Each structure stands twice: as C-alpha cells, then as structure tokens.
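What follows is a short report on a single structure.
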Amino acid sequence: MCGRTACTLHPDDIRKCCTYTNQNGNKVVPQWINQDLYHPSYNLGPTRHSPVLTSNKNESASFEDERILQSMTWGLDIFGFGSKPTQVINARCETLLEKNTFKFPLKAGNRCVVLADGYYEWFRSGKVKEPHFFHMPQEDGIVIHQAWKVEDDEKKRPHLLAMAGIYQKIKGDDEKYGYVVITVPASKAVEHVHDRMPAILENENAIADWLNTGTIPAQKAIDQLKPIEDIKHYRVSTCVNNVRNNTPECIQPFINVDIKPRKPSVLEGWLIKRSAQVDTSAETCKKIKSE
C-alpha cells in the first residue's frame, strides 16, 4: 500500500517539473487551481492536500492548458449503512472496476496523477517497523534528501514520483476533491519491504496515456499499470512513524548509532595474538628476575 509521502518542493518548482508538450507542440507550464491549500511536507499523510495533475475539464482555462494542477485531499469517504463514512486512501488495481466507489469516477474520466518526492513504506519484522523511502532515480548532482534546485534546463530537474490515482468531488463541497492512490503488486525491487506498491507512471508517455480519458478507455488504461523495477530506496529514521513529525530528518538516510565491533582481519588477529604472547613473556621475565 501507500500511506505516507513526502512533497517538499515550492509550488512554482512543482509547476516547472510538470511542464509538458501540448497537441500544438508548445511547451506549457500547467496552471494550479487552489494552490494555497498545498503546503510542502516531509511527512504527508491522509487528509492532507497533495499536488495532483489532471486533464483539463475547466472551461475557463485557456486552450493550451490540456492539463491542470489541483490541490486535492488524500482519501475518499465511503458511505455505507453506518452513520460515519469509512475513508479509503488506496485502491487495488486488480479490482478497480468491481467496486462502485472506484468504478463510477473511472467511468466519468476522473483519472489523475498524484505527485511527490517519494513515498514511505514500512518493513515489518515482528514488532519492529522499519521505514524506507522510495523515489525515482535522479540525474547526476540531484540528491533526493537534500534541498532541490529546479533548473530551467528540463534535463537537470528532479524526477518527481508520479502515481496513478482516481479522484472525485468531496460530498457537500463542489469546489474540493479527494483522491486515492492506485496500487499494484510489488516489483522485485520493492517486494522485500512490502507486497504492494503505488502504480507509478515512469515517463511522459505513461502520464499522457493515463490522463487521456478521451481516447483511452478505463479498462485499457488500467491494463497498462504495471509494477516498475527502476526505483530506488533507503532506510530512514523512525521519526517518520509519527505523522506529526514534519522535519528534514524524516527524509534523511538512517544512520545506525549502535555500531557493532568489526571483526578483526586475519593479520590483525595475528598481531593481537602476538602482542598477547609478548606481554605474557614479559610478565614471566619479571617473575624470574624477582625470584
């Protein structure tokens, strides 16, 4: 599953990273609706706002804006027989069209791309939960856990994690939307940590196909969602376990302070043994002299 992400870039930098080529062959930086709802975070959990890319259904936007960015709430409420709704944050790729909660938004063309620096996943071993941070491979000079500088040169920009999602209007508020992240079975690069992973859109073609709700039907788009192998990860501090912790430490590589003594090499072992023998001989000599 995917239950926590990091998205630390400034809104203007996210817009730059979402630059695309429209049908006229022009480079376009997408507009961002309700940008003020987004706040950069090292530890972004459900109910928080994330930057989400969608195809343009807003008639007031210019023709060139085939895509727009929106701040959306992570999670959709499912209303059943009880008085309180149940919130879902993920949707399994294998059963998307079997559940009304996801089927109706898909039929309506509500496919989106959820953006992040990367996502957190926990490896469980008994009672121990060991957090790891997964992210896309980066160009030389871009370090995922350091402050990113978004260059004008597209080739030098950070590669954001683009996750396939579904969105719909929040009940009782026609101006706000919620989304879920679609998950797929984990690839070999991920399965040693968790058995599920987000449906990641690796490149511009994959993003374009997922957002192209006009010509690519839901079933075909879903069939194209596959686990990816080209993903990096590293262990991070358990401070990320508490969603209230929102500091750079969350995304820093974990350093184990409990360093175990290194086993001596063969040569070092011989020297230690030899030194002990010399010390013993010296003590023996002292005893002989004293006698």
Side-chain angles (χ1 to χ4, degrees), residues 5 7-40 49-72 105-106 108-118 135-142 144 147-169 175-177 179 181-182 198-218 220-226 228 230:
T5 67
C7 195
T8 63
L9 286 180
H10 185 275
D12 290 342
D13 290 333
I14 293 176
R15 290 182 65 228
K16 282 184 182 179
C17 290
C18 293
T19 301
Y20 66 99
T21 303
N22 68 6
Q23 293 179 354
N24 295 330
N26 299 322
K27 290 285 185 180
V28 180
V29 178
Q31 297 183 44
W32 192 329
I33 298 176
N34 58 18
Q35 177 180 303
D36 59 307
L37 294 176
Y38 163 74
H39 301 285
H49 288 90
S50 299
V52 175
L53 196 63
T54 68
S55 59
N56 183 17
K57 296 183 179 181
N58 187 345
E59 296 178 359
S60 64
S62 65
F63 175 75
E64 285 192 340
D65 290 321
E66 296 167 8
R67 302 176 186 177
I68 55 174
L69 276 162
Q70 299 187 59
S71 300
M72 294 189 187
L106 278 170
N110 291 359
R111 305 200 299 251
C112 64
V113 179
V114 183
L115 303 169
D117 299 2
H135 62 91
M136 299 302 292
Q138 303 295 326
E139 299 293 335
D140 292 341
I142 298 177
I144 195 75
W148 287 359
K149 182 180 179 181
V150 178
E151 304 282 355
D152 290 333
D153 185 349
E154 291 185 33
K155 295 181 180 179
K156 295 181 180 179
R157 292 175 184 169
H159 191 178
L160 293 180
L161 188 76
M163 300 173 284
I166 306 166
Y167 72 97
Q168 66 179 17
K169 288 182 178 179
E175 299 297 323
K176 294 182 180 180
Y177 294 85
Y179 72 87
V181 173
I182 299 172
I200 297 170
L201 305 168
E202 279 191 280
N203 50 48
E204 171 58 26
N205 288 337
I207 292 173
D209 285 350
W210 182 249
L211 292 179
N212 188 359
T213 59
T215 57
I216 299 181
K220 183 177 179 180
I222 293 169
D223 291 342
Q224 293 177 352
L225 300 178
K226 305 293 182 184
I228 70 166
D230 194 15

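None of these values were measured; they are calculated from a predicted model.
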**Asked** For Ser50, which residues count as a side-chain hydrogen bond (donor to acceptor under 3.5 Å, both in side chains) partner, sequence neighbours excluded?
**Response** Tyr179

**Separation between CG of Leu53 and CG of Leu115, rounded to the nearest 0.5 Å** = 6.0 Å

**Message:** Are Gln138 and Met136 packed together at the side-chain level, in the sense that at least one heavy-atom pair is separated by less than 4.5 angstrom?
**Reply:** yes

**Message:** Within the structure provided, determine whether Val113 and Cys18 are in side-chain contact (heavy-atom separation under 4.5 Å).
**Reply:** no

**Prompt:** Picking from Ile68, Thr54, Leu69, what satisfies side-chain contact (heavy atoms from CB on, under 4.5 Å) with Ile33?
**Reply:** Ile68

**Prompt:** Quick one: does Arg111's side chain have a donor or acceptor within less than 3.5 Å of a partner on Leu211's backbone?
**Reply:** no

**Item:** Atom of Thr8, atom of Pro40 and distance for their closest heavy-atom approach
**Value:** O-CB, 3.6 Å

**Item:** For His49, side-chain hydrogen bond (donor to acceptor under 3.5 Å, both in side chains) partners two or more places apart
**Value:** Thr73

**Asked** What is the distance from atom NE2 of His10 to atom NZ of Lys16, rounded to the nearest 0.5 Å?
**Response** 10.5 Å

**Message:** Applying side-chain contact (heavy atoms from CB on, under 4.5 Å), can you list everything that pairs with Thr19, at least two apart in sequence or on another chain?
**Reply:** Lys27, Val29, Glu154, Arg157

**Asked** Side chains of Leu225 and Leu201: does their closest heavy-atom pair fall under 4.5 Å?
**Response** yes

**Request:** Find the distance between CD1 (Ile182) and CD1 (Ile222) and round it off to the nearest 0.5 Å.
**Result:** 6.5 Å

**Prompt:** Can you check whether Ile207 reaches Tyr20 side chain to side chain, under 4.5 Å on heavy atoms?
**Reply:** no

**Message:** Contact between Cys7 and Tyr38 at the side-chain level, heavy atoms closer than 4.5 Å - yes or no?
**Reply:** yes

**Message:** Could you tell me if the side chain of Leu160 sits less than 4.5 Å from the side chain of Leu9, heavy atoms only?
**Reply:** yes

**Request:** For the residue pair Asn34 and Gln70, establish whether any side-chain heavy-atom pair is separated by less than 4.5 Å.
**Result:** yes

**Message:** Using every non-hydrogen atom in the two residues, find where Ala116 and Met163 come nearest and quote the distance to one decimal.
**Reply:** CB-CE, 4.2 Å

**Message:** Nearest 0.5 Å, please: how far is CD in Gln168 from CG in Asn110?
**Reply:** 7.5 Å

**Message:** Asp223: which residues meet the side-chain contact (heavy atoms from CB on, under 4.5 Å) condition with it, sequence neighbours left out?
**Reply:** Gln219

**Message:** Taking Asn205's backbone N and O only, do any of them form a donor-acceptor pair with Asn203's side chain (distance below 3.5 Å, no angle check)?
**Reply:** yes

**Request:** Tell me, please, which residues at least two apart from Asp36 pass side-chain hydrogen bond (donor to acceptor under 3.5 Å, both in side chains).
**Result:** none

**Message:** Tell me if a side-chain donor or acceptor on Glu66 pairs with a main-chain N or O of Asn56 at a distance below 3.5 Å.
**Reply:** no

**Request:** Any chance you could measure Leu37, atom CG, to Gln35, atom CD, to the nearest 0.5 Å?
**Result:** 10.0 Å

**Prompt:** Quick one: CD1 on Ile166 to OH on Tyr177, what's the gap to the nearest 0.5 Å?
**Reply:** 15.5 Å

**Asked** Quick one: does Gln31's side chain have a donor or acceptor within less than 3.5 Å of a partner on Asp65's backbone?
**Response** no

**Request:** Applying side-chain hydrogen bond (donor to acceptor under 3.5 Å, both in side chains), name anything that partners Glu204, two or more places apart in sequence or on another chain.
**Result:** Arg67

